[in-house]
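Below you'll find the structure, written out as structure tokens, and then a few comments.
The sequence lines fix the lettering, A, B, ..., with proteins before strands; numbering per chain opens at 1. A quick note: this is a predicted structure, and the numbers were derived from the prediction, not measured. These numbers come from the heavy atoms of this one structure, side chains and all, not from hydrogens, waters or symmetry mates.
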Amino acid sequence: MFILKRLPFTGSISVRMLQYTSLTFGFVVACHRSTSRRGASPYNSVDSERYSSLVKSVISSRTSSQTPDTIHDEDEHMFGPVVKAHTQSRQQRRLPKVVHPFLRCEETREPESGPPVRIVLNRDQGRSSIPSVTRILQATLSAEQLFYLERWKRRMVAELGEEGFKEYTQNLFRQGKLFHSALEEVLMSGATRQDEKHEPQSSDVMGYMKSIAYVLEDVSAARAIESSVQHDTLDYLGIVDCVAHYRGVLCVIDWKTSEKPKPFLSNTYDNPIQVAAYAGALNSDARYKYQVENGLIVVAYKDGSPAHAHQLNHELMLEYWEKWLIRLEEFREQRSNKESAQQTQYS
DNA sequence: GGATCCTTCTTCTTCTTC
């Protein structure tokens, strides 16, 4: 109940948080029970020795002297007084109003062999208002996500200062970009082993490349790299990191860098939705003569710890495709609300 | 030349006990 009181959300959100909290609590209790009965925990699947330096580096920067009172004061200062929750019936899982197909009806064909394609995004063709996957996901973050992101940002600014925080985020982006460039070079050259690299790399990029080396051994026949995709009827676009075979299965692959270990798919937040969105767009995009039913999210670590590779089979992709359609609907609602508000203002 | 776009990242309670 303490958690609920602290949350600065309006009624409906607080109820969602209560559901989330009880679910989490139930999960923890279930895990604890199963641990005490059988000595097995889901975290046992994480190789703690392998990730020890990564875990240490994350934990070492988290010395907290917080108490419930200081947290309460801090939250009240940051988010204002608590809004009491209204009692509401349990919300039902939202479904998209229109379930657009993930795949084309035509028969799935294997992509042609040859070097991977790269279709450059050209926004200057009179359709510049088409939103991108990233923009839509950013604009439709949940209240919970926004709350935790804002809290994280405030804490980082308190620790590093405005300038320090700016530098920190710029460095994160820079590392991600360098990692993508290095990968692009490896995949374009057809070499999937790190020791076949020719260009010198920074120590950070070397760590990330070492981290994904064992994943690259299972990646072959890249078909597209950093290539733009556009949905023919849903009107959104994006740039897909990579389309390649992973263990013989054609996948949309998304490469990520992370400071924290992400051993479970749930640790990757909206990344699976992003992958499903790209795959759905590619499947409807006439410039690609094949379709992709599976996905892969690879999370690489700077210290060279083995990357976490999260596979998304066809069933999971359909699940996340549905979530993407909901986000897309939310984005459109936002847009039309803004437009009607503007019309009212000027009329 | 300047502005804009697509990306690149960031989130999930906390403490005690065994």
Who are the ring-ring contact (aromatic ring centres under 6.0 Å, His included) partners of F165(A), not counting sequence neighbours?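 So F165(A) forms a ring-ring contact (aromatic ring centres under 6.0 Å, His included) with W152(A).
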
Using side chain to side chain contact (heavy atoms under 4.5 Å, CB included) as the criterion, list what pairs up with [X], not counting sequence neighbours.
X       : value
L149(A) : L141(A)
R247(A) : D218(A), Q311(A)
R332(A) : L234(A), L328(A)

Can you name the atoms? Protein N/O to nucleotides 8-10 of chain B N/O, anything below 3.5 Å, with the distance.
residue	atom	partner	partner atom	Å
dT8(B)	OP2	Q274(A)	NE2	3.4
dT8(B)	O2	K177(A)	NZ	3.4
dC9(B)	OP1	T257(A)	N	2.7
dC9(B)	OP1	T257(A)	OG1	2.8
dC9(B)	O5'	T257(A)	OG1	3.3
dC9(B)	N4	Q138(A)	NE2	3.1
dT10(B)	OP1	E259(A)	N	3.2
dT10(B)	OP2	K262(A)	NZ	3.1
dT10(B)	O4	Q138(A)	NE2	3.4

Can you check the N122(A) CG to dT4(B) P distance for me, whole Å? 19 Å

Write down the distance between CG (L265(A)) and P (dT11(B)), rounded to a whole number of angstrom. 16 Å

Hydrophobic cluster (4.5 angstrom, side-chain heavy atoms) - remaining members for I326(A):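 Members besides I326(A): none; it forms no cluster.
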
